[in-house]
Amino acid sequence: MTIRTRVAPSPTGDPHLGTAYIALFNYAFAKQQGGEFVLRIEDTDQVRSTPESEQAIMDSLRWLGLNWDHGPDVGGEFGPYRQSERSDLYKKYAQQLVDNGKAFYCFATAEELDQMREEQMAEGLRPKYDGRGLKLSQNEIEANLAAEKPYVIRMNIPAEGTFKFNDYLRGEIEIPWENVDMQVLLKADGFPTYFLANVVDDHHMEISHIFRGEEWINSAPKLLKLYEDFGWTAPTLGHLPLLRNPDKSKLSKRKNPTSINYYKEMGFLPEAVLNYLGRMGWSMPDEREKFTLAEMIENFDMKRVSLGGPVFDVEKLSWLNGLWIRENLTDEELINRFVDWKFNGETLGKILPQVKTRINTLSDLVELAGYFVSGMPTYAPELLTAGKAEEDVIRQALQFFIWDLEALRTWEKSEIFAIAKTLADHHELKIKVFLEPIFVAISGKTSSTSVIDAMEILGSDMSRARLRVALGHIGVSKKQAKKLEKAYKVYQAD
Ligand code: GLU
């Protein structure tokens with residue numbers, strides 16, 4: 001049997017460190033045994049999936065050096081590797097489950113299900129789908145179908161008993177069936193949910209082992225039961241620990257940048273990022289801190305992954321990156337890295353139009369435009385609130401700006417400006433006043449070249465990281481955070 005693993009990201013945002021971590025471990029496991037590694041794009045969520053995100057995920061995995069044998073862009077014998085291109089397959093298999101009594105139609109409307117949940121809660125019960133679709137007679141089902149009533153297909157889950165499975169990393173895990181809902185497999189729009197598509201694809205792509213994040217453990221009974229229902233042999237399943245912030249909370253962008261692009265823009269080397277991810281829950285037999293991907297593969301043993309939440313600490317990564325720079329690159333190679341990174345005509349070509357009218361000597365450039373190639377600018381935090389707007393207003397405007405920018409698909413200055421203008425109006429600020437703290441956050445100074453142009457040049461990840469650092473300087477208490485979330489919902493609904 002060919003050892004074949006995969007990483008199956010959903011293209012719904014920035015390329016996440018967690019995706020790279022899962023990809024790395026699946027990659028190392030497969031390659032150590034001469035196997036294959038697959039990239040599958042799970043884009044069944046039609047609303048949240050974007051081609052930009054898919055491209056960014058592929059670019060960053062490639063940047064790290066994790067190349068796939070089969071994938072949407074390279075093809076492969078079990079393709080296509082993008083779920084949105086496999087819809088007919090899922091429909092066929094959903095129907096097969098219905099025909100075999102393993103799944104059923106449910107015609108309940110959203111209102112009916114809301115009412116069901118309200119009644120359950122009023123009785124002090126945990127809200128849960130009550131199996132009403134199972135009670136329909138064949139005649140009722142046929143009449144509903146003939147009347148073209150919208151329906152979903154749900155999985156038939158036993159009412160009692162316990163599901164047991166053997167996790168490759170965690171041993172036997174038991175989950176009572178009563179904690180498992182009758183999962184929707186095919187949605188009213190004819191698209192599958194994660195569960196159906198994931199099982200159908202892992203089976204057809206002949207995936208032998210699945211290693212994924214521990215947040216998916218609770219979905220294991222549904223997935224493994226689906227294999228049984230189809231009469232297929234399930235791949236071996238193992239759940240890797242979640243990456244954590246230094247305070248042990250789940251790695252989140254509020255506390256640590258999580259987008260791989262950010263690390264690229266900051267000037268981390270891909271080898272060092274990969275090396276550090278390889279140390280998340282795993283170590284070389286001789287405990288050495290610095291190792292290459294090839295060395296990791298050679299020594300890899302999934303059974304040695306420790307499950308206590310590994311901490312992703314940017315300071316440690318910086319230290320390791322420094323070792324890589326000093327010990328592994330000749331001066332010549334380092335020059336090439338600088339050139340590939342930002343010390344090149346392309347970057348200068350973007351910066352020059354911003355500064356040309358303001359410089360008298362070439363050396364003026366560094367003072368004026370150094371922030372285009374720096375990491376986080378340093379400045380006195382008071383500068384952020386030294387402008388005309390009140391601190392409370394700045395806090396909210398900055399937070400809304402960050403959230404709006406997170407959702408922005410194409411990073412262009414006209415779009416960034418449109419968001420800034422709308423937010424300035426919403427906060428009853430002149431655009432100039434709205435931009436005062438943004439100037440500081442982005443450039444570290446109270447005045448500089450056009451800040452919106454600068455954001456376009458710096459890119460989404462670096463700009464947002466700088467804005468987040470600024471928001472951190474202003475400070476957001478838990479109470480304020482809640483208030484901001486509420487206010488943002490109201491703002492978005494307007
Ligand atoms: N699409 C899922 C994700 O975004 C895949 C989970 C799995 O590996 O089964 O992580």
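We count ligands from 1, going down the list as the structure has it; atoms in each ligand are counted the same way. Computed from a predicted model, the values in this text were never measured in an experiment.
- Contact residues of ligand 1 (protein heavy atom closer than 4.0 angstrom to a ligand atom; sorted by chain and number): R6, A8, S10, E42, Y194, N198, R212, W216.
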Exercise for the section: Check step by step if side chain to side chain donor-acceptor pair (under 3.5 Å) holds for R212 and S219. Expected result: CA-CA 11 Å; R212 46 185 203 159; S219 72; 3.2 Å; yes
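- R304 has no carboxylate O lying under 4.0 Å from a charged side-chain N of D301, or vice versa, which leaves the two without a salt bridge.
- Between Y93 and H204, the ring center distance clears the sub-6.0 Å criterion.
- Using a cutoff of 4.0 Å between basic side-chain nitrogens and carboxylate oxygens, E406 and R468 are scored as salt-bridged.
- Aromatic ring centres of Y276 and F312: separated by under 6.0 Å.
- A salt bridge links R40 and E42; the closest N-O separation between the charged side-chain nitrogens and carboxylate oxygens is under 4.0 Å.
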